[in-house]
Amino acid sequence: MSETPDPEVVELATKVFDLARRGESDALAAYVDAGLPANLTNDRGDTLLMLAAYHGHSTAVTALADRGADPDRANDRGQTPLAGAVFKGERPVIDALLAAGADPAAGTPSAVDTARMFGKDDLLELFGAR
């Protein structure tokens, strides 16, 4: 038997995931500082960090990582924030994720695999995977 989610909780979660997509780092930090899980995950397995990374918001990525968000947490399809940032060509996000300890070999496809797939030799060199 599954419970119907509280509409206020659903509304808050929707709001916070939208903050991640828009890169509103101060608001995200405030929510996490107030007790929201840093690794909050939506119905596709995307974390706040994944959404901030995919949408190109390096400041939000750093704010979330500084508060314990896992830079290697993959979504339901095995994709990591770093692989998404490589796919999107978001170098400031890539740098922020690496600074947070992201592993270029994590995920399926990994950031290394994604860089190879798209011929991003500069990133392969950055990842030490040439």
Between A60 and S25, what is the shortest heavy-atom contact and its length? CA-CB, 3.6 Å

ring-ring contact (aromatic ring centres under 6.0 Å, His included): pairs with one or both residues in residues 39-65, sequence neighbours excluded: none

Any chain of hydrophobic side-chain contacts (each under 4.5 Å) joining L64 to L12? yes

Quick test of your reading: applying salt bridge (Lys or Arg N to Asp or Glu O under 4.0 Å), list the pairs with at least one residue in residues 28-39, sequence neighbours left out, ordered by first then second residue. D33-R67

Smallest separation among heavy atoms of F127 and A115, with atom names: CE1-CB, 4.4 Å

Excluding sequence neighbours, so at least two apart, what forms side-chain hydrogen bond (donor to acceptor under 3.5 Å, both in side chains) with S110? D113

Among residues two or more places apart or on two chains, list those pairs meeting ring-ring contact (aromatic ring centres under 6.0 Å, His included) that have a residue in residues 62-85. none

So the salt bridge (Lys or Arg N to Asp or Glu O under 4.0 Å) pairs with at least one residue in residues 9-27 (sequence neighbours excluded) are D18-R21, R22-E24

With sequence neighbours left out, which residue pairs that include part of residues 61-89 fulfil the ring-ring contact (aromatic ring centres under 6.0 Å, His included) condition? F87-F118

ring-ring contact (aromatic ring centres under 6.0 Å, His included) pairs touching residues 8-37, sequence neighbours excluded, are none

Are the side chains of L82 and P71 in contact, using a 4.5 Å heavy-atom criterion? no

State, with a plain yes or no, whether a side-chain heavy atom of E125 is found less than 4.5 Å away from one of D121. no

Which atom pairs, one a donor and one an acceptor, fall under 3.5 Å between side chains of residues 35-45 and the rest of the protein, sequence neighbours left out?
unit_1: N39; atom_1: OD1; unit_2: D70; atom_2: N; d: 2.8
unit_1: T41; atom_1: OG1; unit_2: N39; atom_2: O; d: 2.8
unit_1: T41; atom_1: OG1; unit_2: R73; atom_2: NH2; d: 3.4
unit_1: N42; atom_1: OD1; unit_2: R44; atom_2: N; d: 2.9
unit_1: N42; atom_1: OD1; unit_2: G45; atom_2: N; d: 3.2
unit_1: N42; atom_1: OD1; unit_2: D46; atom_2: N; d: 2.9

Under the salt bridge (Lys or Arg N to Asp or Glu O under 4.0 Å) test, which residues partner D66, sequence neighbours left out? none

Can you give the donor-acceptor pairs under 3.5 Å from side chains of residues 90-101 to other protein atoms, not counting sequence neighbours?
unit_1: R91; atom_1: NE; unit_2: D95; atom_2: OD1; d: 2.9

State which residues pass side chain to side chain contact (heavy atoms under 4.5 Å, CB included) with A106; sequence neighbours excluded, sorted by chain then number. D72, T80, D103

Can L48 be reached from V61 by stepping across I, L, V, M, F, W or Y side chains whose heavy atoms are under 4.5 Å apart? yes

